[in-house]
Amino acid sequence: MSFDLDIGFVSSAGRGSANEDFAAAMAGEGGADDARAEDQRGAIAAIADGVSTGGMGREAAQTTVTSLVRDYFGTPATWDTTVALDRIVTAQNGWLHGINRRRAPAVGLTTLTALVLRGQSYTLAHVGDTRAYLLRDGVLACLTTDHAVAHPDFAHQLTRSVGADERLVVDYRQGEAQAGDVFVLLTDGVHGSLTERRIAALAAPPAGTDADAQSVAAALVAAARQAGSADDATALVLRVRGVSVATLHDAALQARLLPIPPALKVGDSLDGLAVTALVADSGVACLYQMRDPASRKLYALKTLHPRRAHDAEERATLAHEAWLARRMQGGRAADHLVRLHAGPPGGAASAFYLLYDWHGGETLQQLIDRGHRPPPAQAATMALQVARTLGLLHRQGVIHRDIKPANLHQGEDGVVRVMDLGVALSGREPASTRALHAGTPSYINPEQWDDPPQPVDARSDLFALGVTLYQLLTGSLPYGEVVPYQRGRYRRDPLPPSRRDPAVPIWLDHVVLKAVARDPALRFETAEELALALERGASRPLTTPPATPLAVRDPAALWKIGCAVSLLLNLLLVVWLLFLPR
């Protein structure tokens, strides 16, 4: 599981003949460092108090909790936790309500409070008058609202319960989970007899001790009995001893809950960081240079433009970028990616943004714009660094989709870093991101302009890298400036770079022309193959890529030639008939 949990549970029957409370907890398999941790559902705990009307309260509570805890781990990992809980609880409510209609007056109703801990967040589902509390830093907060009649004489009469109505409305609540948190789930036999101050005192271990969850649960039930509770009393306690790295679910939750920062100007401050420059404003996202006044360290802050603050799809896309950047930091590609911080130094973020390291140096686009072309050997070294990084990304199932000079940054340390994972594909990206025809047209492989377009794969990144290398060597694009769906640009083969700059060696000519070939079958299949060609250089040069036949470059060329020949023959015939003697 992704959480390190201590779980305790105690249930005591009241004066009745049977205990109608029921509770259960279950954690997923695997550890926090498991390769499949992102696909796991964390842990779930649920507590229910059966309503004794008709004598089926125990059965209603038991089947509801059991089905929820068991079926939760069978839901798709891509579902939001609230969706998974809602599907299961709604199905259970429909089944129980159907039984109640057929077997009247034997009625089985139940309350339900369920807690899911996943990644670094919690999700709560609640119906009825069972309660969930969160003890954090010594402060107790009630996370639920009782669905009961607001009158002392009818305090135990529920206004909402599982099985009562055909359509059930469930309360949901989500938030961040932290190491040291204590979640306490109680039936009314416990919380109805204890004050919140007493619950907090029992849930918080005395100074210098480390009371386990089982001891806390037992103390809560015992205190309720001493306070005179005659009802069934159940306590389910979960102590969070540790959390794992953030999951995509956590990033998406943060994107929904936190506000987007307002437009910032130089001199403004956000979470203790001062704005020193507005680097870019695309109308969708803004990039700022920030400085920590204490350490003088520079950061790059990326967030949505205020006009896009209410765009749920853009929020989801930025959340995916945050998750993907953190996920890649743990791999071998981390040295060639820009490091993302969990939050501002010494505190939590008050708004939704991404905080990256700031590196001195310049992007390759800035290098090109100032008219500087690196020597061929240096350009090949830059491309080799990017090819190796792409290979590491592709092995993780990540496709960048927007490789171009503006997204490649050469730091003062000489390292070329790949930036901007905003439109990358990981298999977990939002549907809107997947459907986006991403990338800059001049760097997109030709088959993406087909009708229908060919799917994007790793070779799309390699084509874009080939175009970038061609541009570094020559200062020009191999197919010129391409506008969307301008398929005609690809009806000619690009000139070899050595024709534009004689300093480019022939072996590098062959590598570049293979990378940007019109025919996908002639290109490099993997980033490792491209990196190997750049490493070997002149020692084992590639063969010259064949020129594309005219019939392939322009399928209508033969018809055009035929029409031209026919027109010429007809003109000659007219001249012969009109002007030549017979």
Side-chain angles (χ1 to χ4, degrees), residues 32-33 35 37-38 244-248 251 279 287 289-290 292 295-302 320-345 354-367 374 377-426 428 458 460-462 464-466 468-469 472 515 524 526-537:
D33 297 326
E38 178 61 37
S244 69
V245 295
T247 65
L248 178 58
V279 179
L287 185 67
Q289 184 190 67
M290 313 290 287
D292 180 6
S295 65
R296 309 301 296 171
K297 183 177 179 180
L298 291 174
Y299 297 90
L301 185 148
K302 181 178 180 180
H320 175 260
E321 179 182 349
W323 166 76
L324 188 57
R326 291 192 185 101
R327 178 186 169 194
M328 291 298 103
Q329 284 175 185
R332 291 164 57 194
D335 292 340
H336 290 270
L337 298 172
V338 184
R339 178 170 174 262
L340 178 69
H341 294 265
L354 278 57
L355 193 64
Y356 289 101
D357 275 340
W358 180 273
H359 291 278
E362 61 184 345
T363 66
L364 302 191
Q365 186 62 57
Q366 291 171 325
L367 182 146
Q378 184 182 353
T381 301
M382 292 176 176
L384 177 59
Q385 292 186 58
V386 179
R388 287 173 175 166
T389 306
L390 290 178
L392 296 171
L393 292 178
H394 294 165
R395 285 200 293 274
Q396 294 290 324
V398 177
I399 302 171
H400 189 279
R401 287 208 299 176
D402 199 16
I403 294 294
K404 58 183 179 180
N407 286 335
L408 301 175
H409 182 277
Q410 185 177 37
E412 295 174 344
D413 53 3
V415 176
V416 178
R417 293 177 175 85
V418 178
M419 303 191 303
D420 195 358
L421 296 170
V423 294
L425 300 182
S426 66
R428 302 294 299 275
S460 304
D461 286 345
L462 303 184
L465 177 56
T468 300
L469 179 55
L472 287 173
F524 295 101
T526 65
E528 289 78 10
E529 185 185 1
L530 173 56
L532 186 61
L534 290 169
E535 284 179 332
R536 287 176 172 175

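Residues: numbered from 1 along the sequence shown. As the structure is a prediction and not an experimental result, all values here were calculated from the model. In what follows, every heavy atom counts, from backbone to side chain, and hydrogens, waters and symmetry copies are set aside.
The structure places CG of D335 at 12.5 Å from CZ of R388, a figure rounded to the nearest 0.5 Å. Distance check, rounded to the nearest 0.5 Å: OG1 of T389 to CD1 of I403 gives 8.5 Å. The structure places CD of E528 at 4.5 Å from OG1 of T526, a figure rounded to the nearest 0.5 Å. The CD atom of Q365 sits 9.5 Å away from atom CG of L367, with the distance rounded to the nearest 0.5 Å. Once rounded to the nearest 0.5 Å, the distance linking CG of L532 with CD of E529 reads 8.0 Å. Taking CG of D357 as the reference point, atom CZ of R417 lies at 8.5 Å (rounded to 0.5 Å).
At a threshold of 4.5 Å between non-hydrogen side-chain atoms, the residues D420 and E321 count as touching. Two residues are said to be in side-chain contact when any heavy atoms from C-beta on lie closer than 4.5 Å; L337 and Q329 fail this criterion. Proximity of M419 to Y356: side-chain heavy atoms (C-beta onward) are nowhere separated by under 4.5 Å. Within the 4.5 Å cutoff, the side chain of V279 has heavy atoms near those of the W358 side chain. Proximity of L472 to L364: side-chain heavy atoms (C-beta onward) are separated by under 4.5 Å at one or more points.
Contact between G343 and L355 at its shortest, heavy atoms only, is O-CD2, 3.8 Å. Considering every non-hydrogen atom in both A458 and I399, the closest pair reads N-CD1, 3.9 Å. The shortest heavy-atom contact between L301 and M290 is CB-CG, 3.6 Å. Minimum heavy-atom separation, D402 to N407: O-ND2, 2.8 Å. Shown here for V416 and H336, the closest heavy-atom pair between the two residues is O-ND1, 3.1 Å. Nearest approach of G414 to Q385, heavy atoms of both residues: O-NE2, 3.5 Å.
Looking only at distances, no side-chain donor or acceptor of D461 sits under 3.5 Å from a matching main-chain atom of L390. Side chain of H394 to main chain of H400: no donor-acceptor pair is present (N/O by atom type, distance under 3.5 Å, no hydrogens or angles). The backbone N or O of L421 lies less than 3.5 Å from no partner atom in the side chain of H320, so there is not a single donor-acceptor pair.
For R401, there are no side chain to side chain donor-acceptor pair (under 3.5 Å) partners two or more places apart in sequence or in a different chain. Scanning for salt bridge (charged side-chain N to carboxylate O under 4.0 Å, His left out) contacts around R536 gives an empty result, with sequence neighbours left out.
Residue pairs that meet the salt bridge (charged side-chain N to carboxylate O under 4.0 Å, His left out) test with at least one member in residues 378-387, sequence neighbours left out, do not exist here.
The aromatic rings of H359 and H409 sit tilted, their planes meeting at an angle between 30° and 60°.
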